[in-house]
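Encoded as structure tokens, the structure appears first; notes follow it.
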Amino acid sequence: MKKLLLSIICISGMINLSAQKRKLPLDTIVSTQHSVTINGTSINYTAKTGTQPVWDDKGDPIAALHYTYYTKNNVKDRASRPLLISFNGGPGSGSVWMHLAYTGPRVLKIDDEGYPVQPYGVKQNPFSVLDVTDIVYVNPANTGYSRTIPETGKEVDREKFFGINADIKYLAEWLNTFVTRNNRWSSPKYIIGESYGGTRVMGLSLALQNQQWMYLNGVIMVSPADYKVIRTGGPVSDALNLPYYTAAAWHHNALDPELQNKDLEEILPEAEEYTIHSLIPSLAKGGFINDIEKKAAAKKIAYYSGLSEKEILDQNLVVPTQYFWKNLLKNKSGYTIGRLDSRYLGIDRQLSGSKPDYSAELASWLHSFTPAINYYLQEELNFKTDIKYNMFGPVHPWNNEKDNTRDNLRQAMAQNPYLNVMIQSGYYDGATTYFNAKYTMWQIDPSGKMNDRFSFKGYRSGHMMYLRREDLKNANDDIRNFILRTISKGKSARYK
């Protein structure tokens with residue numbers, strides 16, 4: 001009888017468990033205490049990870065966004081301490097990348113160049129900017145643990161989440177609630193976005209000001225994607241790839257010895273100068289360029305790219321990035337090179353072709369990041385859930401119409417004399433190239449009156465430059481110095 005009763009209880013328990021739905025709590029916080037040593041100084045901090053709703057106009061919850069919020073302990077004047085709000089990109093990418101490899105108090109266990117090592121896990125980040133600013137990492141809808149309500153189906157109002165302007169609107173509203181709940185209205189505020197996150201933070205800079213009345217001290221764009229160039233195509237877009245080709249070819253010792261024997265940062269200005277003053281005008285002539293000029297351009301492109309003149313002429317001077325990743329090392333080692341970080345090498349089924357079989361760098365990164373973020377959030381930060389952490393979430397199709405984000409940033413800067421901008425790019429990034437980022441910076445303010453409020457920093461690595469230990473230090477130092485430099489310190493926000 002006891003055995004029968006036990007069996008009934010077990011079966012009943014199984015039935016109950018199977019009936020439970022796997023869903024994320026709508027509004028919850030888990031708080032834990034930690035310490036980290038940054039630049040030789042031990043810092044105690046609180047980590048709060050949880051969810052906060054997104055509400056519709058009627059006040060009903062339509063999404064739960066997962067975030068992780070780090071605050072330094074024993075701060076006497078929290079109002080004067082900066083707050084850094086961090087986003088990744090995609091669109092559709094979780095905040096894992098910069099959270100667990102760049103600015104946060106823990107980073108991946110990887111080697112000094114950024115390649116995965118086992119066992120996977122995390123370690124202290126000795127270069128984190130937590131010493132000078134509190135940080136919150138935000139996962140937009142359907143990324144990380146964040147989910148729409150309901151998660152799937154026709155009931156999901158995709159127009160409220162999955163597009164450039166929808167994304168900016170609901171995130172600005174969500175940040176208003178977060179800042180209010182955590183009493184951070186008095187703090188100097190900074191937003192940082194990587195890749196598509198660059199588009200996101202350009203738009204947020206104005207949305208926060210004009211819709212939420214929240215004024216920023218700084219916008220940081222890491223390897224920004226500017227779709228005004230990337231998706232437009234044409235002579236300017238095509239030409240801007242050349243300095244990146246120079247950098248990647250230099251890294252792989254594929255350039256003419258005259259260039260190869262010089263330092264990278266000595267030859268890049270040459271390639272940039274040629275691109276602006278000669279290549280763009282040549283490509284602008286299209287099929288009406290004369291043969292002499294066309295052959296001269298092919299010779300120069302070959303010189304600065306490591307490809308052959310014939311390859312370049314065969315493609316009418318416009319070399320697609322995919323072709324470059326596939327063929328730069330074709331006759332040298334047979335490897336392909338990575339898209340987001342061209343230091344990484346891949347192996348294809350066959351040598352011939354116009355594009356690589358896969359992204360060598362992304363395959364490598366997912367080795368390290370996926371197990372690390374799942375372990376870290378559940379075991380160290382004690383956020384227990386059966387929800388899958390979406391490294392890349394279902395957000396497509398994505399509405400890219402009416403992209404005014406570049407001008408939004410200009411307007412925000414014009415209206416707010418405190419607002420400064422820093423761009424960080426890796427020279428070996430072939431997806432959102434460093435020279436494209438420079439071009440974006442040049443185009444934001446046609447008046448030139450705000451030039452002194454922009455800065456650009458380049459690094460000898462790729463899209464996620466912080467994976468390389470030397471650049472992890474340098475890039476965090478650049479953020480730290482940017483924040484310390486742009487805190488107002490009692491200076492009035494006015495033009496003179």
message = For Asn253 and Lys332: C-alpha separation, side-chain torsions, deciding distance, then whether side-chain hydrogen bond (donor to acceptor under 3.5 Å, both in side chains) applies.
response = CA-CA 10 Å; Asn253 297 302; Lys332 185 177 180 182; 5.8 Å; no

If we only count heavy atoms from C-beta on, is the Met202 to Val421 side-chain gap below 4.5 Å? no

query: So, Ser146 side chain and Asn142 main chain: donor-acceptor pair closer than 3.5 Å or not?
result: no

The reported gap from CE in Met465 to OH in Tyr434 (rounded to nearest 0.5 angstrom) is 13.5 Å

**Request:** Would you check, one step at a time, whether the test side chain to side chain contact (heavy atoms under 4.5 Å, CB included) holds for Ile62 with Trp55?
**Result:** CA-CA 6 Å; Ile62 55 174; Trp55 293 281; 6.0 Å; no

Tested for side-chain contact (heavy atoms from CB on, under 4.5 Å) against Tyr466, the lone hit among Trp97, Tyr459, Phe127 is Trp97

Across all chains, not counting sequence neighbours, the salt bridge (Lys or Arg N to Asp or Glu O under 4.0 Å) partners of Lys473 are Asp477

Mark yes or no for whether Arg158, through its side chain, and His396, through its backbone, hold a donor-acceptor pair below 3.5 Å. yes

* To do: Applying side-chain hydrogen bond (donor to acceptor under 3.5 Å, both in side chains), run through Glu272 and Tyr274 and close with a yes or a no.
  => CA-CA 5 Å; Glu272 294 176 14; Tyr274 172 73; over 6 Å; no

The test is ring pair (Phe, Tyr, Trp, His ring centres under 6.0 Å); show your working for Tyr196 and Trp398 and say whether it passes. CA-CA 12 Å; Tyr196 177 80; Trp398 188 266; 5.6 Å; yes

Shortest non-hydrogen pair, Pro269 vs Glu266, comes out as CD-O, 3.6 Å

Identify whether the distance between the nearest side-chain nitrogen and carboxylate oxygen of Asp167 and Arg200 falls below 4.0 Å. yes

The side-chain contact (heavy atoms from CB on, under 4.5 Å) partner of Phe482 among Asp478, Thr486, Leu484 is Thr486

Within the distance-only criterion (no hydrogens, no angle test), does the side chain of Ser492 pair as donor or acceptor with the backbone N or O of Arg494 below 3.5 angstrom?
-> no

Exactly one of Asn474, Asp341, Asp471, Asp429 clears side-chain hydrogen bond (donor to acceptor under 3.5 Å, both in side chains) with Ser461, and that residue is Asp471

Checking Tyr335, Tyr323, Trp325 against Pro356 for side-chain contact (heavy atoms from CB on, under 4.5 Å), the one that qualifies is Trp325

Donor-acceptor under 3.5 Å (Ser195 side chain, Gly197 main chain): no

| said: Checking the side chain of Glu194 only, and the main-chain atoms of Met98 only, is there a donor and an acceptor separated by less than 3.5 Å? | reply: no

Separation between CG (Leu268) and CG (Leu264), nearest 0.5 Å, reads 4.0 Å

Worked verdict on Gln411 versus Asp407 for side-chain hydrogen bond (donor to acceptor under 3.5 Å, both in side chains): CA-CA 6 Å; Gln411 287 187 56; Asp407 192 60; 3.2 Å; yes

A side-chain contact here means heavy atoms from C-beta on lying under 4.5 Å apart; do Met464 and Leu340 qualify?
no

So does Asn290 have more than 12 non-hydrogen atoms from other groups sitting under 6.0 Å from CG?
-> yes

| task | For the residue pair Tyr376 and His99, categorise the inter-ring angle as parallel (less than 30°), tilted (30 to 60°) or perpendicular (more than 60°). | result | perpendicular

(Q) So for atom NZ, which belongs to Lys438, do other residues, nucleotides or ligands contribute more than 12 heavy atoms lying within a distance under 6.0 Å? (A) yes

Sorted by chain and number, sequence neighbours left out, salt bridge (Lys or Arg N to Asp or Glu O under 4.0 Å) with Arg339 holds for none

For Glu270, the salt bridge (Lys or Arg N to Asp or Glu O under 4.0 Å) test, sequence neighbours excluded, returns Lys262

_Is it the case that atom CZ in Phe288 sees more than 12 heavy atoms from other parts of the structure closer than 6.0 Å?_
no

Scanning both residues in full, the closest heavy-atom pair of Tyr303 with Leu255 reads O-CD2, 3.7 Å

Any salt bridge between Glu470 and Arg460, counting N to O under 4.0 Å?
-> no

Note to self: If we ignore hydrogens and angles and just use 3.5 Å, is the side chain of Tyr190 paired with the main-chain N or O of Ile483 as donor and acceptor?
What the structure shows: yes

**Message:** Can a donor-acceptor pair be found, under 3.5 Å and without considering hydrogens, that links the side chain of Thr143 to the backbone of Pro140?
**Reply:** yes

Do the charged groups of Arg406 and Asp226 touch, with an N to O distance under 4.0 Å? yes

Is there a side-chain contact between Tyr115 and Ile110 in this structure, where contact means two heavy atoms from C-beta onward sitting under 4.5 Å apart?
no

Would you sort out whether Val319 and Glu311 count as a side chain to side chain contact (heavy atoms under 4.5 Å, CB included), showing the intermediate values?
CA-CA 8 Å; Val319 179; Glu311 288 175 285; over 6 Å; no

- Message: When you measure from the side chain of Asn390 to the backbone of Phe392, do you find a donor-acceptor pair of N or O atoms at a distance under 3.5 Å?
- Response: no

Counting only heavy atoms not in Lys388, do more than 12 fall under 6.0 Å of its NZ? no

Only one of His252, His463, His251 passes ring-ring contact (aromatic ring centres under 6.0 Å, His included) with Tyr428, and that residue is His251

* Asked: Does a salt bridge link Asp291 with Lys295, judged by any charged N lying under 4.0 Å from a carboxylate O?
  -> no

How are the rings of Tyr67 and Phe178 set to each other: parallel, tilted or perpendicular (split at 30° and 60°)?
perpendicular

Problem - Derivation of the side-chain hydrogen bond (donor to acceptor under 3.5 Å, both in side chains) call for Ser282 and Glu293 - result: CA-CA 8 Å; Ser282 293; Glu293 187 179 356; 3.1 Å; yes

I'd like to know if Asp112 pairs up with Arg468 as an ion pair, taking the criterion as any Lys NZ or Arg NE/NH1/NH2 lying under 4.0 Å from an Asp or Glu carboxylate oxygen. no

- May I ask you to decide if the ring planes of Trp365 and Tyr344 are parallel, tilted or perpendicular, using 30° and 60° as cut-offs? perpendicular

Exactly one candidate in Tyr145, Trp174, Tyr137, Tyr389 meets ring-ring contact (aromatic ring centres under 6.0 Å, His included) with His66; the answer is Tyr145

**Study point:** Audit row: Asn476, Tyr102, side chain to side chain contact (heavy atoms under 4.5 Å, CB included) steps and yes/no
**Key:** CA-CA 7 Å; Asn476 272 296; Tyr102 191 5; 3.6 Å; yes

Salt bridge check, Glu309 against Lys299: does any charged N sit closer than 4.0 Å to a carboxylate O?
no

Problem - Side-chain donor or acceptor of Asn327 paired with backbone N/O of Lys330 under 3.5 Å - result: no

Under the 3.5 angstrom rule, does the side chain of Asp403 hit a backbone N or O of Thr405 as a donor-acceptor pair? yes

Quiz prompt | Verdict with supporting geometry, Leu345 and Thr336, side chain to side chain contact (heavy atoms under 4.5 Å, CB included) | solution = CA-CA 6 Å; Leu345 301 175; Thr336 62; over 6 Å; no

- Task: For residues Phe161 and Tyr170, establish whether the separation of their ring centroids is below 6.0 Å.
- Result: yes

* When you look at NZ of Lys326, are more than 12 heavy atoms from neighbouring residues, nucleotides or ligands closer to it than 6.0 Å? -> yes

